[in-house]
Amino acid sequence: SVWIDMQFPPDIINAKNAVLVFKAEQLNSINVYKKNEGGSWTEAGRTGESFYLNERTLPTWRTAVPVYLSHTSALCRYRVQLYASNATSINVELIPLAEYMRLSSILTFFTGSSTGLLFILSIIILTGGIFFRDSFYSYFGGVTLCLLGHILCIQGTGPAYIWNFLAHT
């Protein structure tokens with residue numbers, strides 16, 4: 001587990017609602033805690049592969065947690081607890097919530113389109129290989145399906161939508 005302590009000045013971005021976006025999608029769990037005015041820490045949000053979509057603070061396939069910045073003179077303090085099963089680089093970005101939703105919608109559209117096309121192509125190649133009894137096309141179709149599973153895992157859509165659904169049906 002890795003802890004990151006963050007302080008945001010009140011004028012860091014021109015938005016009251018912002019989002020901490022973690023660019024590494026292979027993080028198991030991310031817990032974000034905010035320091036209250038009394039000095040105690042409360043959970044501000046959580047995300048990661050270990051949580052179902054309904055358990056995440058922002059129910060999207062991207063790893064992000066909303067933060068609420070005060071427009072007073074006080075600093076906003078957050079602590080982030082990260083768990084990763086594999087070694088990964090950590091890239092954190094603070095962006096306005098409206099910009100995050102716009103970018104997330106665009107990325108979801110392109111990810112879904114490219115994944116769907118690759119899935120259809122893989123099924124066509126695999127079916128052709130089985131139908132014509134050609135071992136090369138059967139092998140090629142199987143490899144493209146494995147590539148699709150790897151891409152889904154790396155992008156974060158597999159752990160968010162498919163793996164958790166299959167494990168609990």
Side-chain angles (χ1 to χ4, degrees), residues 1-9 11-34 43-69 76 78-126 140-169:
S1 134
V2 175
W3 286 88
I4 301 173
D5 193 23
M6 299 179 179
Q7 295 183 13
F8 302 118
D11 59 347
I12 191 165
I13 60 174
N14 191 17
K16 186 173 183 170
N17 298 332
V19 178
L20 277 175
V21 180
F22 299 89
K23 300 291 181 115
E25 304 292 344
Q26 295 84 19
L27 295 170
N28 291 353
S29 72
I30 302 166
N31 297 313
V32 179
Y33 300 94
K34 182 178 182 178
E43 186 176 42
R46 60 184 176 173
T47 188
E49 291 180 1
S50 299
F51 300 111
Y52 298 116
L53 285 178
N54 60 356
E55 295 175 339
R56 297 178 183 192
T57 309
L58 277 177
T60 63
W61 59 275
R62 299 181 69 203
T63 50
V65 173
V67 293
Y68 303 101
L69 305 174
C76 296
Y78 286 91
R79 284 193 179 156
V80 180
Q81 182 183 25
L82 304 165
Y83 290 106
S85 57
N86 298 329
T88 183
S89 63
I90 300 169
N91 186 1
V92 182
E93 184 178 30
L94 181 69
I95 60 174
L97 181 62
E99 180 71 12
Y100 169 79
M101 295 308 253
R102 186 183 70 79
L103 287 173
S104 184
S105 297
I106 291 170
L107 281 173
T108 302
F109 173 75
F110 285 120
T111 300
S113 299
S114 63
T115 302
L117 287 173
L118 185 59
F119 179 72
I120 290 170
L121 181 67
S122 300
I123 294 299
I124 289 171
I125 292 171
L126 186 63
F140 188 61
V143 168
T144 54
L145 283 175
C146 291
L147 174 67
L148 177 64
H150 178 72
I151 289 171
L152 287 173
C153 188
I154 295 297
Q155 288 175 341
T157 54
Y161 296 113
I162 300 170
W163 310 166
N164 281 334
F165 174 74
L166 292 176
H168 298 286
T169 54

Test side-chain hydrogen bond (donor to acceptor under 3.5 Å, both in side chains) applied to Glu93 - qualifying residues, sequence neighbours left out: Lys23

Rounded to the nearest 0.5 angstrom, the SG-CD distance for Cys76 and Gln7 is 10.0 Å

Give every residue pair that meets the salt bridge (Lys or Arg N to Asp or Glu O under 4.0 Å) criterion with at least one member in residues 142-155, sequence neighbours excluded. none

Chi angles and distances behind the side chain to side chain contact (heavy atoms under 4.5 Å, CB included) call for Gln81, Ile4: CA-CA 7 Å; Gln81 182 183 25; Ile4 301 173; over 6 Å; no

Sequence neighbours left out, what passes side chain to side chain contact (heavy atoms under 4.5 Å, CB included) with Thr115? Give chain and number order. Thr111, Leu148, Leu152, Gln155

With Ile123 via side chain to side chain contact (heavy atoms under 4.5 Å, CB included) - residues at least two apart: Phe119, Thr127, Leu145

Taking side chain to side chain contact (heavy atoms under 4.5 Å, CB included) as the definition, give me every residue that meets it alongside Leu107, ordered by chain and number, with sequence neighbours left out. Trp61, Arg62

Within the 4.5 Å heavy-atom criterion, are Pro96 and Asn17 side-chain neighbours or not? no

For Ile106, the side chain to side chain contact (heavy atoms under 4.5 Å, CB included) test, sequence neighbours excluded, returns Arg102, Phe110

Interatomic distance, CD1@Ile120 vs CD1@Ile125, rounded to 0.5 Å, equals 12.0 Å

Side chain to side chain contact (heavy atoms under 4.5 Å, CB included) evaluation trace for Trp3 with Val80: CA-CA 6 Å; Trp3 286 88; Val80 180; over 6 Å; no

Please find the pair of heavy atoms, one from Thr47 and one from Thr63, that lie closest to each other, and give the distance. OG1-CA, 3.7 Å

Are Thr60 and Tyr100 close enough, and set up right, to give a side chain to side chain contact (heavy atoms under 4.5 Å, CB included), and what steps lead you there? CA-CA 11 Å; Thr60 63; Tyr100 169 79; 2.8 Å; yes

Nearest atoms (heavy-atom pairs only) where Leu27 meets Phe22: CD1-CB, 4.2 Å

Closest non-hydrogen atom pair between Arg46 and Glu55, with its separation: NE-O, 3.2 Å

If you take all heavy atoms of Ala64 and Val19, which pair is closest and at what distance? CB-CG1, 3.5 Å

If you measure from OH on Tyr78 to CE on Met6, what distance do you get to the nearest 0.5 Å? 11.0 Å

Locate the shortest heavy-atom distance separating Leu94 from Ala18; write the atom from each residue and the value. CD1-CB, 3.7 Å

Tyr83 to Asn31 - nearest heavy-atom pair and separation: CE1-ND2, 4.4 Å

With sequence neighbours left out, write down each residue that passes side-chain hydrogen bond (donor to acceptor under 3.5 Å, both in side chains) with Tyr33, or none if nothing qualifies. none

Does the side chain to side chain contact (heavy atoms under 4.5 Å, CB included) test come out yes or no for Val21 and Val92, once each step is laid out? CA-CA 6 Å; Val21 180; Val92 182; over 6 Å; no

Thr57: what forms a side-chain hydrogen bond (donor to acceptor under 3.5 Å, both in side chains) with it, not counting sequence neighbours? none

Hits for side-chain hydrogen bond (donor to acceptor under 3.5 Å, both in side chains) against Asn54, two or more places apart or cross-chain, chain-then-number order -> none

Under a 4.5 Å cut-off applied to non-hydrogen side-chain atoms, are Leu58 and Val65 in contact? no

Could you tell me whether the side chains of Ser50 and Ser29 share a donor-acceptor contact shorter than 3.5 Å? no

